[in-house]
> 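The structure is given below, and queries will be raised subsequently.
In this chain, numbering begins with 1 at the start of the sequence shown. Just so we're clear, the structure is a prediction, and the values are computed from it rather than from any experiment. Note that ligands are numbered from 1 as they come in the structure, with each ligand's atoms numbered from 1 the same way. Both backbone and side-chain heavy atoms feed into the values below; hydrogens, waters and symmetry mates do not.
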Amino acid sequence: MKPISTIDPLTNQLFFRGINATKLCGNSSFERVLHLLIHGQLPSHQELVSISERMVELRSLYDSEFDSLFKLAWSLERIKEDYKLNLNDTLLTFVSLAPLVVANEYGIAWGKMMKKPKKQLGHVANFLWMTKGVMPTETELDDFQTSLILHMDDPQNPSLSTLEAAVRDGKSISDIFSSTLNVHVEPLHHGAGYEAMMMFQEIKEQANVRKYLEQRLKSGGKIFGLGHRIYRGIDPRAVVLREMLERRTLNTKNEWLLKVSDSVAKYGRLLLSEYKGIDAYPNVDLYNAAVYFTFGFPPELNTPLFSISRSAGWMAHILDLSKSD
Ligand code: COA
């Protein structure tokens, strides 16, 4: 089986099980790519129906006491015992319930009434329905699904290293997920989307970008959304998300976001070359932070949304590591 994810240093492209991740967007559902990650190949029609139906069934294990992904993680061992779930279904429970938990957390924190899940809706449409209270249009669904798919896995990242160590140490499923989540919220890596959006809000206008970034670097701060450990050119996911941001903000009150994020890419690169002597390109978080904002989600939701995506990769890695034992 091909690796869950790889980056080809020659073409600078990200692959999920050997398939270019950016090519999966637009024509795939979350469930389709999840199947690819966990089984190593794209599902047949019947397999897609089967995983999608199972995920809807597992939603019935939701409990309103799950007010954070940590709470869900801590409850997984109990759920596994109570419902006599095998490893696959225990992991799939985390993936299936993550959007419901994030919606619940969002509702509590922002005082919003969340809609009840609808059985006829898939994983992503159901989340948009619950949080927005209206059925997503086809474009809304495609865009949101694309953002989530692009974050499903990434080789060599801090939360993955933590997950791998926890599996190798024989930790329980609850402990594996909670230690992984702990690392996942760190600002330099997985919490960078939140930080990038906070930065855009402070910058406010394109005219402020250069001065703001220079002050930030002088005071030892980071320019969020630029630079990557592995990519040595523009992150291919940033290209897809920039195009999406341009389309979504055209002639709307959010047009400032494209101007500001493009300017951060331009001046950030110049300043990082001057101050740090590096060639830093936009990473996935630069445009994705802005894309989530166009859905009306506050910056604080960026990291939980990232966890909804990444839970797919975590599931695939745990299964692969368990097989290789
Ligand atoms: N802002 C400020 N400084 C940056 C930077 C950025 N965006 N990107 C790199 N640097 C700095 C590094 O901190 C390092 O400084 P040091 O020598 O004083 O320690 C130097 O430039 C060399 O960095 P490099 O080797 O190119 O990258 P790295 O592997 O050390 O760091 C990241 C990679 C992702 C942690 C880094 O680029 C970063 O902090 N980016 C901003 C956060 C972000 O967007 N994270 C999301 C990643 S998907």
> State whether a side-chain donor-acceptor pair under 3.5 Å links Q13 with D8.
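Not at all, the side chains of Q13 and D8 share no donor-acceptor pair under 3.5 Å.
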> What pair of heavy atoms forms the shortest contact from K132 to G296, and how long is it?
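Smallest heavy-atom distance, with atoms named: NZ-CA, 3.8 Å.
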> Using a 4.0 angstrom limit on heavy atoms, which residues are close to ligand 1?
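Within 4.0 Å of ligand 1, protein side: L188, H189, A192, L217, G221, K222, I223, F224, G225, L226, G227, H228, R229, L272, K276, I278, N283, D285.
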> Which pairs of donor and acceptor atoms, one on a side chain in residues 90-97, lie under 3.5 Å apart (sequence neighbours left out)?
from	atom 1	to	atom 2	distance (Å)
T90	OG1	N86	O	2.7
T93	OG1	D89	O	2.6
S96	OG	L92	O	2.6

> Among pairs that include at least one residue of residues 228-243, which meet side-chain hydrogen bond (donor to acceptor under 3.5 Å, both in side chains), considering only residues two or more places apart or in two chains?
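side-chain hydrogen bond (donor to acceptor under 3.5 Å, both in side chains) check on residues 228-243 returns D235-R237, R242-E246, R242-D262.
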> Show the atom names and distances, to 0.1 Å, of all donor-acceptor pairs under 3.5 Å that link a side chain in residues 120-130 to residues at least two apart or in another chain.
from	atom 1	to	atom 2	distance (Å)
N126	OD1	K118	N	2.9
W129	NE1	K116	O	2.9

> So, for Y292 and F144, is the gap between ring centers shorter than 6.0 Å?
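Yes, close enough.
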